[in-house]
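Structure, as structure tokens:
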Amino acid sequence: QVQLVESGGGTVQAGGSLRLSCAASGRTFSSYALAWFRQAPGKEREFVAAISRSGGSTNYADSVKARGTISRDNAKNTAYLQMNSLKPEDTAVYYCAAGYRFDGNVGSTVAEYHYWGQGTQVTVSS
């Protein structure tokens with residue numbers, strides 16, 4: 001089992017940047033693919049980015065592909081999401097999620113991830 005705690009959210013002006021962190025507990029962090037999802041008020045939770053167990057493979061939603069970078073440090077049990085050129089439509093609660101993997105799969109659906117953090121609010125003002 002793994003517990004996840006997000007941090008780094010806040011309010012930023014359009015065009016700015018944020019780096020979200022996801023700290024995980026447990027000794028088998030490197031056995032989990034990690035992902036970031038977000039949920040805006042009145043909308044469904046949507047995929048943002050995912051990274052494989054080793055960090056060798058990544059997957060991005062088209063809406064953030066050119067502006068976001070997901071990474072992980074298995075020695076520190078931490079994953080990151082760097083978001084640049086932020087837009088008001090990026091405003092949402094951002095969730096870190098983990099899914100146990102036997103391979104390098106980096107899926108993009110909610111059902112593939114079984115452990116979730118409590119979320120961190122990102123607000124982008126215009």
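The same ILVMFWY cluster, assembled from side-chain heavy atoms under 4.5 Å apart, contains both Val48 and Leu86.
Note: Arg38 CZ to Arg45 CZ = 13.0 Å, rounded to the nearest 0.5 Å. Residue Ser126 holds its OG atom at 10.0 Å from CD of Glu89, rounded to the nearest 0.5 Å. To the nearest 0.5 Å, the span separating OG on Ser21 from CZ on Arg72 amounts to 13.5 Å.
Of the possible polar contacts, none joining the Ser52 side chain to the Gly104 backbone as a donor-acceptor pair under 3.5 Å is found. In this structure a side-chain-to-backbone donor-acceptor pair under 3.5 Å is present from Asn74 to Arg53. Distance alone, capped at 3.5 Å, is enough to place a donor-acceptor pair between the Glu6 side chain and the Cys96 backbone. The main-chain N or O of Gly26 is found under 3.5 Å from a side-chain atom of Asn77 such that the two form a donor-acceptor pair.
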**Prompt:** When you look at Ser125 and Gln13, which way does the side chain to side chain contact (heavy atoms under 4.5 Å, CB included) test go after all the steps?
**Reply:** CA-CA 5 Å; Ser125 61; Gln13 287 191 330; 3.7 Å; yes
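One finds a salt bridge joining Asp62 and Lys65 here, because a Lys/Arg side-chain nitrogen approaches an Asp/Glu carboxylate oxygen to under 4.0 Å.
The side chain to side chain donor-acceptor pair (under 3.5 Å) search around Asp73 returns none, not counting sequence neighbours. Residues meeting the side chain to side chain donor-acceptor pair (under 3.5 Å) test with Asp103, sequence neighbours left out: none. With sequence neighbours excluded, no residue forms a side chain to side chain donor-acceptor pair (under 3.5 Å) with Tyr32.
Heavy-atom neighbours of Gln3 CD from other residues, nucleotides or ligands within 6.0 Å: at or below the threshold of 12.
Each of Leu20, Thr91, Val93, Leu81 was scored for a side chain to side chain contact (heavy atoms under 4.5 Å, CB included) with Val122, with one residue passing: Leu20. Just one of Trp116, Tyr94, Tyr95 meets the ring pair (Phe, Tyr, Trp, His ring centres under 6.0 Å) condition when paired with Phe37; it is Trp116.
Looking only at side-chain heavy atoms (C-beta outward), Asn105 and Glu112 come within less than 4.5 Å of each other.
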